[in-house]
Amino acid sequence: MTAAAARVAPSAPGGMLDRTWFDRHALEVAPDLLGKRLVHDSPDGRIAGIIVETEAYAGPEDRAAHSSRGRTVRNAVMFGEPGHLYVYFIYGMHHCLNVVCGPGSKPEAVLIRAVRLEEGEALARLRRGSVPEAQLASGPGNVAAAYGIDRSLNGADLAAGPVWLTDGPAPKDVLARPRVGVAYAGEWAARHWRFMLAHDPHVSRR
DNA sequence: CTTATGATTAGA
DNA sequence: CTAATCATAAGA
């Protein structure tokens, strides 16, 4: 293998998910993200794991989505090109990691709610402290914390790194449930747009 | 400028 | 159940 080929490599094991993969409705991407591998090559080292829980946020019509209140400084990335990160700060202390979807510039995104870490556990522990293994990256705020992701990565291109996704093991039993923390969204709150692997100890509580 | 609140979490 | 804690958005 040549040095040039090695440099191309963010795609490692399975193929790297490309922009066209994200250029679909969030409702299609969210369940498809289960089983995929999320990687972050941070300055401190690599963190990687399998996504076990997601939530879909559709375009302006979805009253639970940030984009339903129009384009603002915070949610601008949602209105841009699919395949970028949308990272926002919430409740004065947590970051949430989202993947921007499409189609096209339709402002949709998928929230990554829980990951089963496979690589970089020691690094995650430095950031998260001595929590049970199953909770290292369980819950959206904890995923961002374990991965060391904050707003400095808002808008980052998943096709350029340092964060990207690759194919992973096909999920077996997938459950669909109502989304968390969106009771204010009326009829939209009742939709089962939260997806998770059944019986996986790494999904968030609630 | 002021004010309310949130795609959360940990702990009582 | 509530506190923590602040960027953001909306309103005056």
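Just so it is clear: chains get the letters A, B, ... in the order the sequence lines come, proteins before strands, and each one is counted from 1.
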> Between dT8(C) and R151(A), is there an OP1 or OP2 to side-chain N/O distance shorter than 4.0 Å?
Replying inline: yes
>> Out of the candidates R191(A), R69(A), R179(A), only one should pair with D62(A) under the salt bridge (charged side-chain N to carboxylate O under 4.0 Å, His left out) rule; please name it.
In response: R179(A)
> Would you call the rings of Y147(A) and H40(A) parallel, tilted or perpendicular if under 30° counts as parallel and over 60° as perpendicular?
Replying inline: parallel
> Are any non-hydrogen side-chain atoms of V99(A) and T54(A) less than 4.5 angstrom apart?
Replying inline: no
>> Taking atom CZ as the centre, does R63(A) end up with more than 12 heavy-atom neighbours from other residues, nucleotides or ligands that are less than 6.0 angstrom away?
In response: no
> In dot-bracket, 5' to 3', how would DNA chain B read with Watson-Crick or G-U wobble pairs under 3.5 Å, [ ] for crossing ones and | for pairs to another strand?
Replying inline: ||||||.||||.
> Do D167(A) and K36(A) pass the salt bridge (Lys or Arg N to Asp or Glu O under 4.0 Å) test, and can you show the C-alpha distance, the side-chain angles, and the key distance before you say yes or no?
Replying inline: CA-CA 5 Å; D167(A) 216 342; K36(A) 298 297 188 286; 3.7 Å; yes
>> Within the 4.5 Å heavy-atom criterion, are I50(A) and R37(A) side-chain neighbours or not?
In response: yes
> Rounded to the nearest Å, what distance is computed from the NE2 atom of residue H95(A) to the C1' atom of nucleotide dT8(C)?
Replying inline: 14 Å
> Which is it for E53(A) and R177(A) under the salt bridge (Lys or Arg N to Asp or Glu O under 4.0 Å) test, yes or no, and what are the steps along the way?
Replying inline: CA-CA 11 Å; E53(A) 181 180 345; R177(A) 291 286 181 276; over 6 Å; no
>> I need a per-nucleotide contact map over nucleotides 2-12 of chain B, read 5' to 3'. Cutoff is protein heavy atoms under 4.0 Å; write B for the base, S for backbone only, - otherwise.
In response: ----BBBBS--
> Please walk me through it: do E55(A) and V182(A) pass side chain to side chain contact (heavy atoms under 4.5 Å, CB included)?
Replying inline: CA-CA 11 Å; E55(A) 272 178 3; V182(A) 296; 5.6 Å; no
